Trainee: 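One structure is given below, represented as structure tokens, and several questions about it will come after.
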Protein chains: 2
Amino acid sequence: MTPSTERGGRRTRRVTLADVARKARVDKAVVSRVVNNDPLLNIRPETRARVVAALKELDYRPNVAARSLRTARAGTVGLFIPDFANPVYAEIITGAETAAATRGCALMVGSSTVGDGRAQTYLDLLGQGRVDGLLLAGGAITDEEQATLADRALPWLFVNRRGGGGRHVILDDGLAARMAVEHLLELGHRRIAHVGGPTGADTAHRRREGYVEALRAGGLEEDPRLIVGGTYGPGGGAQAVGRLLEAPEPPTAIFVANVSSAIGVLSALRAHGLSVPEEVSVVAVHDLPLAEHLIPPLTTVRMPLRALGARATELLLTVPPDRPVEEVVRDPIELVVRQSTAPPR
Amino acid sequence: MTPSTERGGRRTRRVTLADVARKARVDKAVVSRVVNNDPLLNIRPETRARVVAALKELDYRPNVAARSLRTARAGTVGLFIPDFANPVYAEIITGAETAAATRGCALMVGSSTVGDGRAQTYLDLLGQGRVDGLLLAGGAITDEEQATLADRALPWLFVNRRGGGGRHVILDDGLAARMAVEHLLELGHRRIAHVGGPTGADTAHRRREGYVEALRAGGLEEDPRLIVGGTYGPGGGAQAVGRLLEAPEPPTAIFVANVSSAIGVLSALRAHGLSVPEEVSVVAVHDLPLAEHLIPPLTTVRMPLRALGARATELLLTVPPDRPVEEVVRDPIELVVRQSTAPPR
DNA sequence: CTGAAAGCGCTTACAG
DNA sequence: CTGAAAGCGCTTACAG
């Protein structure tokens, strides 16, 4: 008998290993090994056939809770992000989800928009044994939270930010910044400003370093008045432009640490009557589908965010939790030249 | 002894109910009832105090797998979406996450970007008992998938789209469309075009209906040449504008079914040398932080997407799975007038 | 080549 | 007011 269901999914009695074993006239241990493809199982072909047939006929699906209890493995990876609305995390999630699925694991994503926003609250919700490990992407993790984490006997890994006592996976944000700035230098720009990310954000820190390095490699000295911080959102970008234009000698080009900020940068420049790229060039880190539909289409540096999410998941699941991980994912970083950058006039 | 940990979270022996019971000199059944706040538990204050102290001292955290196995409840809600990169789903997720947490449940979000993209693949990954119910947001669910779903003895609910045999929660997309079009009518527009969503998307269907209704209520007849479909992305919006401008008498205003499309609409209008709002007004459904930073700042209709996600979660967890649910979430829909709409000249 | 048994950590109905 | 026992559904080391 297959379980019957009704509208909305009425819950009927589950099919268990014992049901399958009875039907196939074997012990449930045998069924278990067949289900899990136990390589050590030596079974007669006709017995296996009976088991497989019963499995199929009853539409057996293992009970995750029972399996987890027995094996002490959840088959689930946790991922904690600041905000689902940030498209950067969307890409990381997608990469992590795919990598987890490849290993037969589910992914459980939580954001700090819930409750008081602390990683701790998310941890409490996870309880004990809901996930086998935790990826912590971006955002600010306080020392207290890191201590709590340490108490949980749970493997973790920082993603897109350094930390975790030498357990992190990042991208080469310095290189991304240098590629952006070198592009501006090659176009002939000499007064290149930087709209950075929020103080304390590790990616912001590394992009700013890359900006300074590229300037110096080009024989220029950085000008503190041309470096302004912000948030990683459009509002922060718009505000930053306001401060930038107060400088006595305004820049001819702006390197923006984040594409969302750049949307605000573009609109603020226009509001100040400056045309892009004729009067000011703009280039930003991270590409998005909408970048080519901005006015003007935005030159960006595309980062391998999916690869980052995928690699982090793999490492979390394979590297022993007491071993350090400090990896820079080396998938290609690509300059996407559109119409927001041009030689200075 | 509290469990010791090392870098990366070395796994140490877990604290179980039995450990706590031993320390508090009671049976583990008592500890269990204290942990779960059993209202029927009659316990001497000093006994409770001993239990609470032991709980705290050992930092006890219930094993989720054991509890799930025993109670046949996962304490987790599943949510299946087409794509994490779509900001509309980000809002729904956030609402669902908060509502789930309020009920002590975790949320497990999966997207169709994994594997072959079918809901079925996600269901297989979920296995048996990983979630207590499933929210299916947007996207296309085939009949085959709906049949599979019915076989799973799992309560489900469609979110933001009708379906599921009378199990869905939606917003009043018709009203949103009428508000947008009425705004254009009040400004004096008479040739109002519609850039719709993808064929088969239920929200697209209802927004288009609202558009037609509003036109007729304003004494106008819809013109098929002014109705073009598209995707819910910038590329679709841009293409749609191209087709719209082939009409002998181009529109003076465009109602766009989705804010992401509208980004493409704005850039395509500019590419065709048409200024917004002087020559063409644009209004779109869904508000985003970036809307006010577009060029020009975009007039939108803000939808209560968080409330939708939250309500769907509540209904999934409370309405018996064999009862129909057909709810329209009535939280306020708001017209946000910015600078992309103006009277025709 | 297959079976029987133990036990993962909980909750709950029942006994006293 | 508290304890003892059964059992959720699985996996695995071991027996034969």
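The chains referred to below are lettered A, B, ... by the order of the sequence lines, with proteins before strands, and numbering in each begins at 1. Please read all numbers here as calculations on a predicted model, not as lab measurements. Scope of the values below: all heavy atoms of this structure, side chains included, with no hydrogens, waters or symmetry mates.
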Trainee: D/dT11, D/dG3, D/dA6: which one has an atom nearest the side-chain heavy atoms of B/Asp27?
Mentor: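 Minimum distance to the B/Asp27 side chain belongs to D/dG3.
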Trainee: With DNA chain D as reference, determine whether B/Ala29 or B/Arg70 sits nearer its 5' end, using the nearest nucleotide of each.
Mentor: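 Taking each residue's closest nucleotide, the earlier one in sequence belongs to B/Ala29.
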Trainee: Counting only side-chain heavy atoms from C-beta out, which of C/dT11, D/dG9, D/dT11 sits nearest to A/Leu69?
Mentor: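 My answer, after comparing the listed nucleotides, is D/dG9.
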Trainee: Compare the minimum distances between each of C/dC10, D/dG3, D/dT11 and the side chain of B/Tyr60, then state the nucleotide with the smallest one.
Mentor: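 Per side-chain heavy atoms of B/Tyr60, the pick is C/dC10.
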Trainee: Of all the nucleotides listed (C/dG3, D/dG9, C/dC1), which has the minimum atom distance to the side chain of A/Val30?
Mentor: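 Nearest to the side chain of A/Val30 among the choices is C/dG3.
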Trainee: At 4.0 Å (heavy atoms only), tell me whether B/Ser68 reaches a base, stays on the sugar-phosphate, or touches nothing.
Mentor: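 The answer is nothing, as B/Ser68 stays clear of every strand by at least 4.0 Å.
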Trainee: What's the separation between atom CG in B/Leu55 and atom NZ in B/Lys23, rounded to the nearest 0.5 Å?
Mentor: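 One gets 12.0 Å once the value is rounded to the nearest 0.5 Å.
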Trainee: For a quick check of understanding: with a heavy-atom distance under 4.0 Å over all strands, which category does A/Leu17 fall into, base, sugar-phosphate or nothing?
Mentor: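 Counting heavy atoms under 4.0 Å across all strands, the contact made by A/Leu17 includes a base.
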Trainee: Just wondering, do A/Leu136 and A/Trp156 contact through their side chains at under 4.5 Å, heavy atoms?
Mentor: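 SC-SC contact between A/Trp156 and A/Leu136 confirmed.
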Trainee: Whole-Å distance between C/dT11 C1' and B/Asp38 CG?
Mentor: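 Rounded to the whole Å, the gap is 10 Å.
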Trainee: Which is more 5' along DNA chain C, the nucleotide nearest B/Arg33 or the one nearest B/Pro62? Just name the residue.
Mentor: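 Result: B/Pro62.
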Trainee: Any side-chain N or O of A/Ser32 less than 4.0 Å from the OP1 or OP2 oxygen of D/dC10?
Mentor: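 Answer no for this pair, as no side-chain N or O of A/Ser32 is under 4.0 Å from OP1 or OP2.
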Trainee: So, B/Asn36 versus B/Arg67: side-chain donor-acceptor pair below 3.5 Å or not?
Mentor: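 Judged by distance alone, the side chains do pair up.
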Trainee: Choose from D/dT11, C/dT2, D/dC8 the nucleotide whose nearest atom is closest to any side-chain atom of A/Leu41.
Mentor: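 Closest of the options to the side chain of A/Leu41: C/dT2.
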Trainee: Between B/Asp19 (CG) and C/dC10 (C1'), how many Å, whole number?
Mentor: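 For the pair B/Asp19 CG and C/dC10 C1', the rounded distance is 13 Å.
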Trainee: Pairing check on C/dG3: which nucleotide meets the Watson-Crick or G-U wobble criteria with it, both distances under 3.5 Å?
Mentor: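 The answer is D/dC14, by the H-bond criterion.
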Trainee: Can you tell me the distance, in whole Å, between the CG atom of B/Asn42 and the C1' atom of C/dG16?
Mentor: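 Result: 15 Å.
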Trainee: Send over the distance from B/Leu40 CG to C/dT11 P, rounded to a whole Å.
Mentor: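 Spelled out: CG on B/Leu40 to P on C/dT11 is 15 Å.
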Trainee: Check whether any side-chain N or O of A/Thr47 sits under 4.0 Å from OP1 or OP2 of C/dT2, and answer yes or no.
Mentor: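 The answer is yes; a side-chain N or O of A/Thr47 sits under 4.0 Å from OP1 or OP2.
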Trainee: To the nearest Å, give me how far apart CZ (B/Arg73) and P (C/dC10) are.
Mentor: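 It works out to 17 Å between those atoms.
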Trainee: Can you tell me the distance, in whole Å, between the CZ atom of B/Arg67 and the C1' atom of D/dG9?
Mentor: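 Between C1' of D/dG9 and CZ of B/Arg67: 18 Å.
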Trainee: Can you measure B/Arg22 atom CZ to D/dT2 atom C1' for me and round it to whole angstrom units?
Mentor: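 After rounding, the reported distance stands at 18 Å.
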Trainee: On DNA chain D, does the nearest nucleotide to B/Arg48 precede the nearest nucleotide to B/Thr71 from the 5' side, or the other way round? Give the residue.
Mentor: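 Mapping each residue to its closest nucleotide by heavy atoms, the 5'-most match is B/Arg48.
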Trainee: By the 4.0 Å heavy-atom rule, please label A/Asn63 as base, sugar-phosphate, or nothing.
Mentor: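 Result for A/Asn63 = sugar-phosphate.
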Trainee: Can you find a side chain N or O atom of B/Arg44 that sits less than 4.0 Å from OP1 or OP2 on D/dT2?
Mentor: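 Yes, B/Arg44 has a side-chain N/O under 4.0 Å of OP1/OP2 on D/dT2.
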Trainee: I'd like to know if the side chain of A/Asp83 and the backbone of A/Asn86 have a donor-acceptor N/O pair within less than 3.5 Å.
Mentor: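 Such a contact is absent between A/Asp83 side chain and A/Asn86 backbone.
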Trainee: Would you find a donor on one side and an acceptor on the other, under 3.5 Å apart, between the side chain of A/Asp132 and the backbone of A/Val77?
Mentor: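 Side chain of A/Asp132 to backbone of A/Val77, a donor-acceptor pair under 3.5 Å: no, none is there.
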Trainee: With no hydrogens and no angle check, do the side chains of B/Thr76 and A/Arg130 hold a donor and an acceptor under 3.5 Å apart?
Mentor: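 Result is yes, a qualifying pair exists.
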Trainee: Measure from the side-chain heavy atoms of B/Ala66 and tell me the nearest of C/dC10, D/dC1, D/dC10.
Mentor: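 Ranking C/dC10, D/dC1, D/dC10 by closest atom to the B/Ala66 side chain puts C/dC10 first.
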Trainee: Expressed as a whole number of angstroms, how long is the span from B/Lys28:NZ to C/dG9:P?
Mentor: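 It is 11 Å, rounded to the nearest whole Å.
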Trainee: Counting only side-chain N and O atoms of B/Arg14, is one of them less than 4.0 Å from OP1 or OP2 of C/dG9?
Mentor: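 Checking B/Arg14 against C/dG9: no side-chain N or O falls below 4.0 Å of OP1 or OP2.
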Trainee: With sugar-phosphate meaning primed atoms plus P, OP1 and OP2, does A/Asn36 contact a base, only sugar-phosphate, or nothing at under 4.0 Å between heavy atoms?
Mentor: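 The answer is sugar-phosphate, as A/Asn36 gets under 4.0 Å only of primed atoms, P, OP1 or OP2.
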